[in-house]
Amino acid sequence: MKRFFAWSAFLFGSLFFILPLLGMTEFSLSMRRGVYSFDAYARACGSAVSRRPSAIPSSWRSSPSFGVLLVVPTAYWVRLRMPSCGRGSSSSRSCRWSSRPIVIVFGYIRLYNTSSWLPLTGSATGTNILLMFGYTTLALPVHVPGRRHGSAHDRRSTLTEAAQSLGAGWGRS
Amino acid sequence: MASTDLSRRTLPLRWLGVAPFIVFVLMFLILPSLYIVVGAFRGPDGGFTFDNIRGLNTRTILNAYWVSIRVSFWSALIGCAIGFGMASAVVLGGMPKAMRSPLLTFSGVASNFAGVPLAFAFIATIGPPGPGDVWLRTEFGDQPARLRVQPVLDHGLILTYLFFQIPLMILIITPALDGLKREWREAAEMLGATGRSTGAWSRCRSCALAARHVRAAFRQFLRRRGDRLRAGRAAAEHRADPAVRQIRGDVLGSPGLGYALAFGMIVITGVANAIYILAALRSERWLK
C-alpha cells in the first residue's frame, strides 16, 4: 500500500511536469495548419539573429565570468581568513528574492543616470557594464552558495599552508 | 598587549580581501534599494513626508498587493504539499533508487524554469490554442468557461507557478528526509512508537521537518515574488500589479508613489525573508 501511494504521488507530480512540456512541443510543431512540421524550428535556426553570435548581448556573455571573478576569490578568502563570516553568506542566498529585477533596474536608472556622480548610462559601454553588474547582482545568491558547497570539503587552509611553505606567496604562485 | 596591537594592525588587511565584494554589493544591491526606500519618504520638494506611503492606502493598490500575496501563498502551499509527496515517495516510499537521481536533476532544472518560457509553455498547454483547452471544449462544450484554466487569471497563475514551486520543494525537503536519523526512529520505537502515522515516530519526524517545511514554504513564497513572469503578464494584461503600478507611477508624474510601491514590495519580501532565515537556522540545527 505504501508503495502504491508512493507511485501515485510520483506519477501525479510527473504528469504535471510532462504535460506543459508536451503542450509546448506540440505547439511548436503546429506552425503549418493541420500537420506537424519543423517549420518553426527551421525558421528560428535560419534567422539572421540566431546565426549571429553577437546577437547575445555582451553583458549577458560577460556576467558569469565577472560573477566568478568576484565571488571565487572572496569565498576563498573568507574560508581561509574569516571562517566566522562564512555563516553569514548563507543568508545572502535569499537576496535574490528580496531584490526583484525591476526594483534594481529602477534604482540603477536613478543612481547611475547621466546626471549622477557615476553616469554609466551615458554611453553604450557604460550601459553594458551596468547591465553586467545587474545580472551579476541577481545571480549572486546562486554564485555564493554554489561556491560554498563546492568548497565545503576541500582543505584549502592546509593546501595554502603547504604552498606557502614551498615558497608561494600572495603575489606569486 | 602585543598580540592585541598585532590583531589591530592586521584587521584592515584581513578585510581587504573581501573589499571588492562588499563595495560591489554596496553599490549595486544595497544603494539602489536604499535609494528607493529613501525616495518613498521624500516629497516633491525633497523634504520628508509620509504622503507617498499614505498614497498606498487606495483600494486598487491594496488589491494589487493582496492578489500578489494570495497567489504567492497558494502556490507555495500547494507546491509544498505536492513536492513533499513526491520527495517522500522517492526517499521513504520504497521506490527504486534509480528514480531519485533523475528526479533531483530534473528538479534542479525545472526550479529555474521561469519567465517567458514558462508562460509560453502553459499558454501553449492550457491557453486558448492549447490541447488542454481544446480537450475541455470537446468534452464540455463552450458552456463551462469557468472550467477553463487561463494562465493570466489567479488560478492559472498558481498552476503555472507550481511548475517551479514543486521542484523547489523537492530540492529543499529531500536532504531533510535523508537527514532523519535512524537512531531517532529506534528511540521512538523503544518508547512505543509503531510504523503507523499516529505513532511517536511520526510526531518526532513532524517536529524535525516542521522548520524545514516553514523554510520551504517561505522560500517558495519569495521565489514566486521574485519571478519576472507576473510583471510581464500584468503589463500585457493591464492588471493590477505593484511592479507595473510602480513604473506607471514614475512615468505618469508621481515618482514618490512609485518609490512607495517598490518600498511596499521590499517590506513584504523582507518580512518573508526574515521568517525564512529564522526557519532555515532552526532546521539546520535539527537536521545536520
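Predicted, not measured: the structure shown is a model, and the values here were computed from it. Labels below follow one simple rule: chain letters A, B, ... track the order of the sequence lines, proteins then strands, and each chain is numbered from 1.
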Taking the side chain as every heavy atom from C-beta outward, state whether [X] and [Y] have any atom pair closer than 4.5 Å.
X: A:Leu140; Y: B:Phe21; result: yes
X: A:Phe16; Y: B:Ile82; result: no
X: B:Met27; Y: A:Tyr108; result: no
X: B:Leu31; Y: A:Leu111; result: yes

Tell me, side chain or backbone of [X] under 4.5 Å from chain B's heavy atoms, or both, or neither?
X: A:Leu118; result: side chain
X: A:Ser14; result: both
X: A:Leu130; result: side chain

What part of [X] is in contact with chain A, defined as an atom under 4.5 angstrom from a non-hydrogen atom: side chain, backbone, both or neither?
X: B:Leu103; value: side chain
X: B:Phe24; value: side chain
X: B:Ile22; value: neither
X: B:Tyr35; value: side chain

What distance do [X] atom [atom1] and [Y] atom [atom2] have between them, rounded to the nearest 0.5 Å?
X: B:Phe28; Y: A:Met132; atom1: CZ; atom2: CE; result: 8.5 Å
X: B:Ile123; Y: A:Met24; atom1: CD1; atom2: CE; result: 12.0 Å
X: A:Thr136; Y: B:Leu29; atom1: OG1; atom2: CG; result: 12.0 Å

- prompt: How close do B:Pro32 and A:Ile104 get, heavy atom to heavy atom, and via which atoms?
  reply: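 Residues B:Pro32 and A:Ile104, closest heavy atoms: CB-O, 4.4 Å.
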- request: Might you point out which heavy atoms bring A:Ala9 and B:Gly85 nearest each other, and give the distance in Å?
  value: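 It is CB-O, 3.8 Å.
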query: More than 12 heavy atoms of other residues, nucleotides or ligands under 6.0 Å from CZ of B:Phe106: is that the case?
result: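 Counting neighbours around CZ of B:Phe106, more than 12 heavy atoms of other residues, nucleotides or ligands fall under 6.0 Å, so yes.
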- prompt: Are more than 12 heavy atoms from other residues, nucleotides or ligands located less than 6.0 Å from atom OH of A:Tyr41?
  reply: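 Enclosed.
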field: Residues which pass side chain to side chain contact (heavy atoms under 4.5 Å, CB included) with B:Arg100, listed by chain and number, not counting sequence neighbours
entry: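 Checked B:Arg100 against side chain to side chain contact (heavy atoms under 4.5 Å, CB included); matches are B:Val90, B:Val91, B:Leu104, B:Thr174, B:Asp178.
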field: Non-neighbouring partners of A:Arg32 that pass salt bridge (charged side-chain N to carboxylate O under 4.0 Å, His left out), sequence neighbours left out
entry: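 Residues passing salt bridge (charged side-chain N to carboxylate O under 4.0 Å, His left out) with A:Arg32: A:Asp39.
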- prompt: If you count heavy-atom pairs under 4.5 Å between each of A:Ser8, A:Gly23, A:Pro20 and chain B, which one has the most?
  reply: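 Of the candidates given, the most pairs with chain B belong to A:Pro20.
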- prompt: What orientation do B:Phe163 and A:Phe17 show, parallel under 30°, tilted 30 to 60°, or perpendicular over 60°?
  reply: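 Perpendicular, since the angle between the ring planes exceeds 60°.
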